[in-house]
2 protein chains.
Amino acid sequence: MIPGEYLKHLKRVGVRLTPQRQEILQVLWERAQAGGQPVNAEEVMKRVRERYPGVSLDTVYRTLATFTRKGIVNELQFKDQSRRYELVIQGEHHHHLVCLRCGFVREIAYCPEDIIKRVRESHTDFKIEEHSFTIYGYCAECRED
Amino acid sequence: MIPGEYLKHLKRVGVRLTPQRQEILQVLWERAQAGGQPVNAEEVMKRVRERYPGVSLDTVYRTLATFTRKGIVNELQFKDQSRRYELVIQGEHHHHLVCLRCGFVREIAYCPEDIIKRVRESHTDFKIEEHSFTIYGYCAECRED
DNA sequence: CAATAAGATAGGAATAATTCCTAACTAGGA
DNA sequence: TCCTAGTTAGGAATTATTCCTATCTTATTG
Ligand SMILES: [Mn+2]
Ligand SMILES: [Mn+2]
Ligand SMILES: [Zn+2]
Ligand SMILES: [Zn+2]
């Protein structure tokens with residue numbers, strides 16, 4: 001079951017709790033439990049339809065966007081054009097290592113905070129909101145050499 | 001005029017030098033001269049068509065992909081789904097600061113090399129090929145507060 | 001507990017970016 | 001000059017995402 005903290009948070013920020021939204025949250029939560037491999041909208045839709053067969057892809061996209069805006073979901077944009085989503089874990093921040101062939105994702109704990117701090121200080125006219133840092137390569141199964 | 005180093009390089013790696021390709025290179029070069037604002041394929045096409053009216057968008061995409069594979073072009077993927085391209089300057093490496101509203105791009109010289117090195121050492125089964133690091137926010141014209 | 005309204009939904013259509021397809025062309029080596 | 005593997009144009013196809021709108025539903029209020 002989804003930890004109440006997410007529901008509470010959504011309530012607090014004035015987001016309506018529809019069954020569809022709760023189910024989408026549930027899917028993301030299960031994904032996070034199962035190793036943290038981010039999901040794309042299509043996959044979320046499939047999983048949600050197991051319980052709510054009518055859910056539209058648009059609803060999934062809208063919900064993921066809402067959750068992202070409200071800070072409980074992380075929208076990842078990879079260089080193969082794919083967008084994938086993951087639940088934000090309270091007080092956690094990480095980046096990713098992505099296989100260019102199979103798309104497998106691993107998390108890396110490091111973040112270039114020092115650089116971000118330096119940029120914030122040197123580009124004071126620019127209001128920094130977020131950042132993305134991703135390392136690409138080939139995983140053990142996909143590397144050839 | 002395009003510096004011969006690019007043409008020489010393309011020749012060396014066995015890429016055919018068609019007029020279309022040379023013109024695409026020229027456009028990228030002029031862009032780099034004019035401040036380094038990366039371009040998308042559509043824009044490249046428009047510029048190339050000024051001299052070669054028949055050039056297809058597909059050719060532009062294919063050529064940009066070829067140039068990227070050959071290391072003379074950098075393909076940037078931003079979180080708004082847009083892809084933009086820039087000429088690689090010999091021996092240079094940098095990252096970007098992007099405005100979430102108008103899309104304006106500034107270059108930042110810093111690179112999280114230390115982190116990449118650490119990841120390379122700790123994830124020896126993963127063969128690192130490349131990385132992307134982008135900071136998002138609002139530029140002076142677009143920030144509201 | 002019922003009425004209400006702001007916000008959310010389904011589903012189909014639209015848009016945008018990118019890639020595929022194929023017949024015709026051409027750069028560059030022999 | 002000839003030959004051919006690689007490249008092109010242009011239209012079609014694909015994919016991901018967003019738009020549209022009539023119809024619901026959540027959550028508040030009376
Ligand atoms: Mn993650
Ligand atoms: Mn740049
Ligand atoms: Zn970070
Ligand atoms: Zn770097």
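Chain naming here is simple, since letters A, B, ... match the order of the sequence lines and numbering starts at 1 in each. Only heavy atoms go into these numbers, but all of them, side chains included; no hydrogens, no water, no symmetry mates.
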For [X], which contact category applies under a 4.0 Å heavy-atom criterion: base, sugar-phosphate, or nothing?
{"X": "A/Arg21", "value": "sugar-phosphate"}
{"X": "A/Arg62", "value": "base"}
{"X": "B/Leu57", "value": "base"}
{"X": "A/Pro53", "value": "nothing"}
{"X": "B/Glu42", "value": "nothing"}

request  = Please tell me which of the listed nucleotides, C/dA10, C/dA27, D/dA9, lies nearest to the side chain of B/Pro19?
outcome  = C/dA27
query = Between D/dT8, D/dA16, D/dC19, which nucleotide gets closest to the side-chain atoms of B/Thr63?
reply = D/dT8
Quick one: [X] [atom1] to [N] [atom2], roughly how many Å, whole number?
{"X": "B/Asp58", "N": "D/dG10", "atom1": "CG", "atom2": "P", "value": "12 Å"}
{"X": "B/Leu64", "N": "C/dT19", "atom1": "CG", "atom2": "C1'", "value": "14 Å"}
{"X": "A/Lys46", "N": "D/dA16", "atom1": "NZ", "atom2": "P", "value": "10 Å"}
{"X": "A/Met45", "N": "C/dG12", "atom1": "CE", "atom2": "P", "value": "13 Å"}
{"X": "B/Arg49", "N": "D/dT8", "atom1": "CZ", "atom2": "P", "value": "14 Å"}
{"X": "A/Tyr52", "N": "D/dT25", "atom1": "OH", "atom2": "P", "value": "12 Å"}
{"X": "B/Lys8", "N": "C/dG28", "atom1": "NZ", "atom2": "C1'", "value": "19 Å"}
{"X": "B/Leu17", "N": "C/dG28", "atom1": "CG", "atom2": "C1'", "value": "10 Å"}

request  = Please determine, by modelled atom types, if B/Thr59 and B/Ser56 share a side-chain donor-acceptor pair under 3.5 angstrom.
outcome  = yes
Within the pair [X] and [N], is there a side-chain N or O less than 4.0 Å away from OP1 or OP2?
{"X": "A/Arg16", "N": "D/dT25", "answer": "no"}
{"X": "B/Thr18", "N": "D/dG6", "answer": "no"}
{"X": "A/Arg83", "N": "D/dT18", "answer": "yes"}
{"X": "A/Gln20", "N": "C/dA10", "answer": "yes"}

Are the side chain of [X] and the backbone of [Y] linked by a donor-acceptor contact shorter than 3.5 Å?
{"X": "A/Glu86", "Y": "A/Glu75", "result": "no"}
{"X": "B/Arg49", "Y": "B/Val55", "result": "yes"}
{"X": "B/Ser82", "Y": "B/Phe78", "result": "no"}

ask   = On DNA chain D, nearest-nucleotide positions of A/Asn40 versus B/Gly54: which is more 5'?
value = B/Gly54
request  = Find which nucleotide of DNA chain D each of A/Val15 and A/Gln77 is nearest to by heavy atoms, and output the residue with the more 5' nucleotide.
outcome  = A/Gln77
Straight-line distance of A/Leu87 CG to A/Gln26 CD, nearest 0.5 Å = 10.5 Å
ask   = B/Phe133 vs B/His95 aromatic rings, parallel, tilted or perpendicular, using cut-offs 30° and 60°?
value = perpendicular
request  = Find which nucleotide of DNA chain C each of B/Lys11 and A/Gly14 is nearest to by heavy atoms, and output the residue with the more 5' nucleotide.
outcome  =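 Looking at DNA chain C, the more 5' nearest nucleotide goes with A/Gly14.
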